Structure formats: C-alpha cells, structure tokens
Amino acid sequence: MKIVKEALAGTLESSDLLVKVSPGPGTGLEVVISSEVMQQFGLQIDHVVRDTLARLGVTAGLVVVEDKGALDCAIRARVQTAVMRGAEAQTIDWSALS
Amino acid sequence: MKLRRSMLFLPGANAAMLSTAFVYKPDSIMFDLEDAVSLREKDSARILVFNALQLPVYREIETVVRINPLNTPFGHLDLEAAVRAGVDVVRLPKTDSAEDVEVLEREVERIERACGREIGSTKLMAAIESASGVINALAIAKASPRLIGIALAGFDYVMDMQTERGDGTELFYARCAVLHAARAAKIDAFDVVWSDLNDEAGFLKEVDLIKRLGFNGKSLINPRQIELLHNAYAPTEEEVEYAGRVVTAAAEGERKGLGVVSLNGKMIDGPVIDHARRVLQRAEASGTRK
C-alpha cells in the first residue's frame with residue numbers, strides 16, 4: 001500500500017495512540033515512536049508498528065506514533081486506519097489486517 | 001442455556017473501553033459501530049473492533065457487534081469486519097421485517113464461506129425500533145435459525161410512535177409484543193437501555209418490571225449498571241433452596257422412572273423443573289439477592 005497523502009488516526013486519550021502517516025521526505029520507511037511506557041515497552045511497540053506496516057505492504061513514508069499506553073490490538077488498528085486513509089484505499093484486504 | 005441478563009454497549013471507537021471492558025464481566029459485550037460512532041470515525045471504529053475481537057480475553061465472553069443498517073454505506077463493511085474477526089453475534093439495528101433478517105443471513109453466510117468460517121457459526125439478533133418492527137415481531141423472531149434473540153430499542157421506537165420516554169406506559173405494548181414473539185420463537189428477549197445513570201431507583205424499578213414481564217435481560221450503557229442488574233435478577237435464598245429441592249425430586253423421579261413427581265403435595269412438571277434450573281443457574285452466576 002502506498003501512502004499518498006498525510007493522514008491521522010486515533011486519539012491522545014489514555015490507552016489509545018495517535019498515528020500520523022505521510023509520504024515522507026525520502027524514499028524509505030521511517031518510523032518515529034514516542035510513548036509514556038517507552039522504557040518498558042518501546043521495543044514491543046516498535047515491533048507491532050513495523051509488523052503491521054509490513055503486512056500492509058508499506059515500504060515508504062514517515063510514520064509518527066504517539067502512544068498513551070495502548071494495547072497491541074489498538075496499536076495495530078490505529079496504524080492500519082492511518083495507512084488506509086493515507087493510501088486512500090477504496091477496498092480492504094482483510095487478510096492483511098489479521 | 002446461555003445467561004443473557006446484561007448486554008453492555010461499548011462505543012466502537014473508544015480504545016480504552018474496548019481494551020478493558022471485559023473486567024466488568026457482563027453476560028455479553030456489544031461493540032457498537034452504529035449510533036455511538038460519528039460518521040468520520042466509522043472506518044477507525046470498524047478496524048478497532050476487528051482487532052479487539054481477536055484479543056484472547058474476548059474468547060471467554062459472548063461478543064456482539066451492532067453494525068450499521070445494510071442500506072447505509074457502512075453496513076456491509078461492518079459485517080465483513082465482525083464475521084471475519086469471529087464475533088459470536090451480529091446485532092442488526094432498525095429491523096422492520098423478516099426480509100431484513102433474511103438479507104443479513106445471506107450476507108453472513110457469503111462472508112463465512114469467503115473467509116473459511118464454519119457456516120452457521122455467526123449468530124444473529126435483531127433490534128426492533130419502529131411500529132412496523134413491533135407489528136412484524138413474530139415474523140422477525142422466526143426469520144432465521146441463527147437468531148438468538150430480539151431486542152426492543154426504546155429511543156427510536158418512541159420517536160416513531162410520536163411520544164417520549166416516561167413511566168413505561170409508552171413501551172407497554174411493544175414490550176409485550178416483542179416478548180411474546182421471542183417466546184413463541186424460543187429465543188431471548190432484551191429490554192431497552194436506561195439512560196439516566198444517576199437515577200438508580202428508576203433503573204431498578206424498570207428492571208423489576210421487565211424481569212416480571214419475562215425479559216431475559218437488558219441492554220446497558222454503563223458498567224455501573226451490571227452489578228445492580230445481576231443482583232436484581234439473582235434469586236432469593238428461599239427460591240434457591242426450593243429450586244434445589246425441585247431439581248433433586250425431579251432427578252429422583254427420573255431415576256425411579258416416574259412420569260410425574262410431587263414435592264410436598266405439589267405436582268412438579270417440565271416447566272416447573274425448567275424454571276428451577278434457571279433459578280439455580282442465576283444463583284451460580286451471581287449468588288443470591290442482596
């Protein structure tokens with residue numbers, strides 16, 4: 001999936017996260033994460049975000065995540081939504097979301 | 001016999017509530033993609049619910065998704081998300097006729113085939129929210145073997161009837177019609193939500209009424225209402241004690257090959273035994289009434 005425009009998903013409420021995606025300045029994929037629980041769960045959050053992006057076939061763009069202590073399922077959901085909005089996806093490949 | 005006293009509504013777009021609601025232990029949790037979600041967050045709520053349904057904790061509790069009506073741009077996508085994520089029950093809002101349920105059933109079966117889910121494993125419930133729906137309640141209740149229950153939704157119904165919520169008189173006919181339809185179809189019946197969280201006495205009065213009418217339970221909008229509802233549905237110690245004696249006497253009669261059993265001079269037949277089993281089930285779920 002190709003990110004063609006800037007898009008947001010999620011909130012800054014507790015147990016949620018805000019994900020911002022954009023085409024990015026370069027050609028590669030850049031992921032920037034900030035979290036209230038970065039020390040304990042930073043690696044896990046990074047893994048979930050990158051795995052979700054890989055399943056969606058996202059190989060380029062800038063992904064900025066501001067986490068407020070969300071569970072993995074919420075992280076996946078917000079990244080998926082932001083990417084689909086940023087890619088202006090008209091259909092959903094459900095197998096890529098599972 | 002699945003207990004369905006409490007069905008807790010959760011707004012589908014709220015990550016915090018979806019991540020924690022199971023701790024309140026309602027009998028069923030309903031993820032709402034319809035009225036509780038704004039138009040611009042329909043997509044994010046659908047994806048969030050799709051992911052939340054796959055949490056292991058939600059395999060231990062009955063899950064329900066209220067989809068948007070199938071004649072909106074959102075309904076079919078909501079249904080795809082719910083069925084593919086393995087939801088137990090799909091709740092159809094604004095059900096006016098048996099045909100609404102039949103259309104839903106065909107779509108569910110198509111999705112089950114497409115994603116490899118066991119055909120028939122997705123159950124359905126229909127919410128009746130209009131005068132037409134109430135008139136057609138029996139046909140709706142019998143429209144599909146997948147239906148586990150029908151629910152009355154009060155707000156839209158009273159709007160359709162050109163009245164407003166009051167002491168319950170305005171819902172009397174609809175409650176009785178929906179309940180009779182459910183019982184004739186041998187499925188469950190759910191009452192309307194009580195929206196005034198600060199009026200606990202009013203809530204309990206309504207619970208007492210719908211319990212005596214025969215409803216299985218009620219849709220709830222706040223976890224605070226769960227314990228109150230379960231306690232109101234819990235039997236008294238005397239009822240539990242009597243139910244235990246009925247079940248024991250019935251078992252003894254069956255062991256002796258007797259068709260009819262008597263307990264303290266009173267005949268015990270099938271309906272009495274079934275009722276006693278329901279009493280014991282409620283007591284096992286939440287103890288005796290406090």
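Below, chain A is the first sequence line, B the second, and so on; all start at residue 1. A quick note: this is a predicted structure, and the numbers were derived from the prediction, not measured.
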What part of B:A85 gets within 4.5 angstrom of chain A, counting heavy atoms only: side chain, backbone, both, or neither? neither
Above 12 or not: heavy atoms from other molecules or residues under 6.0 Å from CG of A:L43? no
Which residue pairs satisfy the ring-ring contact (aromatic ring centres under 6.0 Å, His included) criterion with at least one member in residues 83-123 of chain B, sequence neighbours excluded? none
A:L17 portion near chain B, given a 4.5 angstrom heavy-atom threshold: neither
Using a plain distance cut of 3.5 Å, could you tabulate donor-acceptor pairs between chain A and chain B?
{"unit_1": "A:R78", "atom_1": "NH2", "unit_2": "B:A13", "atom_2": "O", "d": "3.0"}
{"unit_1": "A:Q80", "atom_1": "OE1", "unit_2": "B:N51", "atom_2": "ND2", "d": "2.9"}
{"unit_1": "A:R85", "atom_1": "NE", "unit_2": "B:D43", "atom_2": "OD2", "d": "2.7"}
{"unit_1": "A:R85", "atom_1": "NH2", "unit_2": "B:R40", "atom_2": "O", "d": "3.3"}
{"unit_1": "A:R85", "atom_1": "NH2", "unit_2": "B:E41", "atom_2": "OE1", "d": "3.2"}
{"unit_1": "A:R85", "atom_1": "NH2", "unit_2": "B:D43", "atom_2": "OD1", "d": "2.7"}
{"unit_1": "A:R85", "atom_1": "NH2", "unit_2": "B:D43", "atom_2": "OD2", "d": "3.4"}

Return the minimal non-hydrogen interatomic distance between A:A74 and B:L48, and the atom names on each side. CA-CD1, 3.9 Å
Using non-hydrogen atoms and a 4.5 Å limit, figure out which bit of B:L77 sits close to chain A: side chain, backbone, both or neither. both
As an exercise: rank A:A9, A:A82, A:C73 by heavy-atom pairs under 4.5 Å with chain B and give me the winner. A:C73
Name all pairs fulfilling the ring-ring contact (aromatic ring centres under 6.0 Å, His included) condition that reach into residues 88-118 of chain B, sequence neighbours left out, sorted by first residue then second. none
